[in-house]
Amino acid sequence: MKYLTDYSNIFTRYDLNIEVARQAARKVSKDELLQKVADCVVRGDDEESAKLTKEALQKKSPMDVINEGLIPGMNEVSRLWDEGVYFLPQVILASDAMNAGIALCEEAMGKAMDKKGKVVTHTAEGDIHDIGQVIVNALLNANGFEVINLGADVPVDKVVEACRVNNPVMVTGTALMTTTMTAFPKIASQLKRLGLNIPFVCGGGAVSEEYVTSFELGIWGKEANQAPGMAEDALSGDNWQAMRGKWNG
Amino acid sequence: MLGKERVIKIFNHEKPDRMSCFCVNGTPTYEQMEKVGAFWPEGHERAEDMAKLAMAAYTVLGFDAVRAPFCQTFEAEALGCKVKLGGKENIPGIDHPTLYKLDDMPVLPDDFLKRGRIPQLIEAIRIMKREVGDKVAVIGGIIGPFTIAGAMLDAVPILKASFKTPDKLRPFLDVAEKAGTMLGQALVDAGADMIVVEDMQASPDLIAPHTYRDLELEYQKKQVEALSVPVILHICGNVDKIIGFMHETGCAGISLEPKSDTKLARKIVGTNVVLIGGVDAATTLFMKGPDDVKDASREQIEMGLDVLAPGCAIAPGTPTANLLAMVEVAKEYTYL
């Protein structure tokens, strides 16, 4: 006689089944311990991630822990986000968990790991509505970019200076209002003058494609979700013209 | 038929003479400011200017309702948050430093309704009622619990807490709900026919649908029940995943951005909720011309809307011609 041991498919309120519950990562690592590290990232548990990273560092090299545990875990989170399973808070928490582990690995290495590339992000001068930038930052972090977060209401000169000092692969500007987006062409022209041909992705609220593509370096960002894909293109060497051709028009 | 009668009929689920058109979010534009001679930032802080600007939605645009205020900072400011007004051209926002940390106990001040710009807002509603209240509906705007809590704590901390320590958010949601409800009832007492709750941060763009269901819903429900007039709930972004829960709040109307699936919303909420929505405020109303606005309006009406409206606050640079185009389309849809 067969006994039913799993009740999960019985009496399921499908109307309440709005999200897939927090899940473990797909198998991303051959090593059991590193798989557990990856699972911590997927669960967004920074304390557990730090604890298991320390354990893993007893047996593995810091680069192995990063490349076979922490980053594959974060890639899983990106997949779950893309598929609409994960929401923004989970992406932010997973980034924290990954970064907690990476910090310990860097400590063990005695140097900072090489990130994919830097992206400078800001919300336009005069604008303190930075929720769009919060989303952009979270997604870029999650995709392994080093985010130089300048915050909200950032003067033109400060953005330009951050680009000069950090030499990012991309710079982003968000603005809720048409009146504050007028800072964007000023930033672009100063970057040009300094010979910094950095793709400058602008978006948010009432920022229009027509406006952003009216000045050099400008690429219009329709949704915050596009930021990681755009940063990947910039990292692979696409210039602003190529990026505009691909993402706009 | 007067705009006000039209709105009353719709909320009583009777047929008005034609499709109604108004905006449940902020309505001022630079062109309206010039026409009525009231501007920002005074329109955000002085009753007379606020009322004049709000009434432009009727006197200039011919909408069936007028609404104040035009930003999301009144409750937060009265609770102690720092507000940046934004000068002539911008909408006020919450500034740093953030008022509270997650472990703090938030306080609802005894004199809440006397703080910040709230007395001016209450007076503005009184003026609107007196001046145009017999011709159009007067709508008072308040902010939803999760969004006020977000102003008190800042975005990233509240988003993290929504997963890690949701119970720590309860005292904040409690104070935020009480603050919004208090303001809402004061606006009703001053003459508002309806209350709109804007709750931007409760959008699935920011929080998980289960957070809305398990955390925010009970506070919104409480708020809707406490207010003595019909309540319209507005949440930005695509709300397909929470539309059923929004319906559970007991609100009389739901305002949608066109990013949401209007047909799905109609299917889920049935016919006893007024569906308000239509034209994307940024990509269509602000950026395109009257013909595109008309096409978008017709398309959305045919998906089952009860009220044609901008999907969100009208961008202040929006041309008057585009807003008038919406009203023209509403006039095409007659029911008699």
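Every chain is numbered from 1, with letters handed out A, B, ... down the list of sequences.
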Assess, by modelled atom type and distance only, whether the side chains of [X] and [Y] contain a donor and an acceptor separated by less than 3.5 Å.
{"X": "W40(B)", "Y": "D49(B)", "value": "no"}
{"X": "T123(A)", "Y": "Q133(A)", "value": "yes"}
{"X": "T284(B)", "Y": "D292(B)", "value": "no"}
{"X": "T249(B)", "Y": "Q220(B)", "value": "no"}

On the 0 to 90° scale, with breaks at 30° and 60°, tag the F215(A)-F200(A) ring pair as parallel, tilted or perpendicular.
tilted
Greatest number of heavy atom pairs closer than 4.5 Å to chain A - which of G244(B), G93(B), C312(B)
G93(B)
Taking the six-membered ring for Trp, are H44(B) and F74(B) closer than 6.0 Å centroid to centroid?
no
With only heavy atoms counted, which part of [X] is less than 4.5 Å from chain B, the side chain, the backbone, both or neither?
{"X": "I128(A)", "result": "both"}
{"X": "D127(A)", "result": "neither"}
{"X": "D153(A)", "result": "side chain"}
{"X": "V207(A)", "result": "backbone"}

Can you name the residues that form a side chain to side chain contact (heavy atoms under 4.5 Å, CB included) with K263(B), not counting sequence neighbours?
D261(B), M303(B)
Say you draw a straight line from CD of Q241(A) to CE of M243(A); how long is it, rounded to the nearest 0.5 Å?
11.0 Å
Quick one, I148(B) and M152(B) - any side-chain contact, counting heavy atoms below 4.5 Å?
yes
By number, which residues in residues 76-91 of chain B have some heavy atom less than 4.5 Å away from chain A?
K84(B), E89(B), N90(B), I91(B)
Option in N137(A), I92(A), D130(A) with maximal non-hydrogen atom pairs under 4.5 Å from chain B:
I92(A)
Which bit of P92(B) comes within less than 4.5 Å of chain A, counting heavy atoms only: side chain, backbone, both or neither?
backbone
